[in-house]
Amino acid sequence: FPRPGDPKVPVLYEVERTRTGKSFSVRSVKAIQHGKPIFICQASFQLSQGSPVQHQFTMPTVPPPEELLTQDELIQKFLQDPNVAEGYRKQLTKIQAQDVPIEIKPVNPPDIFSLEPQEPKQLFWVRARGYIGETDMKVHCCVAAYISDYAFLGTALLPHRQYRIKFMVSLDHSMWFHVPFRADHWMLYECESPWAGGCRGLVQGRLWRRDGVLAVTCAQEGVIRVEQTQQQSKL
């Protein structure tokens, strides 16, 4: 993502047929606004092929989504706490008012009132709101790409919660689609950040189908700039 995009301006897409093979094909895409590239993508496509060489990690053992609160329900619960500072109450209300087309159920919701460092790992149950159905798999891949970017880079900030964010944006985002899945069905999003430094953070993610099959693997690097002065408690 070399430059920010403007949703009000049409995007010109330049597609290069980099390679067309019998099993694999590659396309290079450049998205342009105001005569300058805002997005550069390389996409690889493969015909479905069987192989005896196959393995995957084991899906984390977590409570099912039916036993957890949604992000909206958690925010509502926090807003009912009379000890929440007024400034933070306004922030929560603003987040609650956002029209996010994703349902999210954190497995281990962080204590939003604490500034104590946490391990750079997160687990969410996620799915698209509404019904998508048995449509073209490419539609579910596009929705999963949208889902995968939500709160992803924030994983790198969990050990540094004492700092106030000045600027945070994606530099690049990679995805590998392993097996078919439904983006409107609950999937477990496992996120972790193995490294941060030099005003950058690296995060990795795995989207698991509910039956324990690894459907998608993601990786992202982003810019993270924080204020050097530490935040005060929100209570």
Novice: Would you mind listing the cluster partners of Val15? Hydrophobic ones only (ILVMFWY), side-chain contacts under 4.5 Å, chaining allowed.
Specialist: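 Val11, Tyr13, Val29, which link up through side-chain heavy atoms under 4.5 Å apart, make up the rest of the cluster.
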
Novice: Return yes when atom CZ of Arg3 has more than 12 non-hydrogen atoms of other residues, nucleotides or ligands closer than 6.0 Å, and no otherwise.
Specialist: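 Enclosed: over 12 neighbouring heavy atoms sit under 6.0 Å from CZ of Arg3.
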
Novice: Count I, L, V, M, F, W, Y as connected when their side-chain heavy atoms are under 4.5 Å apart, and connections chain through other members. Are Val169 and Phe1 then in the same cluster?
Specialist: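 Cluster IDs for Val169 and Phe1 differ.
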
Novice: Can you find a pair of side-chain heavy atoms, one from Leu153 and one from Met168, that are under 4.5 Å apart?
Specialist: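 Yes, their side chains come closer than 4.5 Å.
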
Novice: Of all heavy-atom pairs between Cys191 and Thr155, which one has the smallest distance, and what is that distance?
Specialist: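 That would be CB-OG1, 3.5 Å.
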
Novice: Given salt bridge (charged side-chain N to carboxylate O under 4.0 Å, His left out), test Arg210 with Glu66 step by step and report yes or no.
Specialist: CA-CA 12 Å; Arg210 191 163 178 173; Glu66 291 78 15; 2.7 Å; yes

Novice: Can we call the ring centroids of Phe152 and Tyr189 under 6.0 Å apart?
Specialist: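 Yes; Tyr189 has its ring centre under 6.0 Å from that of Phe152.
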
Novice: For Asp172 and Gln220, test the side chains for any donor-to-acceptor distance below 3.5 angstrom and give the result as yes or no.
Specialist: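 Side chains of Asp172 and Gln220: no pair found under 3.5 Å.
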
Novice: For Trp208, what are the other residues in its hydrophobic cluster, where any two members join if their side-chain heavy atoms are less than 4.5 angstrom apart?
Specialist: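 For the cluster that includes Trp208, the remaining residues are Phe57, Met59, Val62, Leu68, Val107, Leu123, Trp125, Trp186, Leu188, Leu214.
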
Novice: Taking atom types as modelled, find out whether His140 and Thr135 have a side-chain donor-acceptor pair closer than 3.5 angstrom.
Specialist: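 Result is no, nothing qualifies.
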
Novice: Does any non-hydrogen side-chain atom of Phe181 lie less than 4.5 Å from one of Leu207?
Specialist: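 In short, these two side chains do not touch, never coming nearer than 4.5 Å.
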
Novice: If every non-hydrogen atom of Arg127 is compared with every non-hydrogen atom of Ile147, which pair is closest and at what distance?
Specialist: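 That closest heavy-atom pairing would be C-CD1, 4.1 Å.
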
Novice: Does Ile102 belong to the same Ile/Leu/Val/Met/Phe/Trp/Tyr cluster as Val139, with side-chain heavy atoms less than 4.5 Å apart forming each link?
Specialist: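 Cluster IDs for Ile102 and Val139 match.
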
Novice: Testing the basics here: between Val143 and Ala183, what is the closest heavy-atom pair and its distance to 0.1 Å?
Specialist: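 Scanning both residues, the minimum pair turns out to be CG1-CB, 3.6 Å.
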
Novice: How about Gln42 and Arg27: does a side-chain donor come under 3.5 Å of a side-chain acceptor?
Specialist: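 Absent: no donor and acceptor within the cut-off.
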
Novice: Which heavy-atom pair separates Leu158 from Lys121 by the least distance, and what is that distance?
Specialist: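 Taking every non-hydrogen atom into account, CD1-O, 3.5 Å.
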
Novice: Is a side-chain N or O of Arg19 found less than 3.5 angstrom from the main chain of Phe24, in a donor-acceptor match?
Specialist: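 The answer is yes, because a donor-acceptor pair under 3.5 Å joins these two groups.
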
Novice: Could you go step by step and tell me if Ser23 and Gln49 meet the side-chain contact (heavy atoms from CB on, under 4.5 Å) rule?
Specialist: CA-CA 8 Å; Ser23 300; Gln49 295 175 297; 3.2 Å; yes

Novice: Are the side chains of Gln122 and Pro106 in contact, using a 4.5 Å heavy-atom criterion?
Specialist: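 Not in contact.
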
Novice: Between Met175 and Val216, which heavy-atom pair has the shortest distance, and what is it?
Specialist: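 Here Met175 and Val216 meet closest at CE-CG1, 3.6 Å.
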
Novice: Side chains of Arg206 and Cys218: does their closest heavy-atom pair fall under 4.5 Å?
Specialist: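 Answer no - side chains too far apart.
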
Novice: Give the minimum heavy-atom separation between Glu134 and Tyr131, together with the two atoms involved.
Specialist: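 In terms of heavy atoms, the two residues are closest at N-OH, 4.3 Å.
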
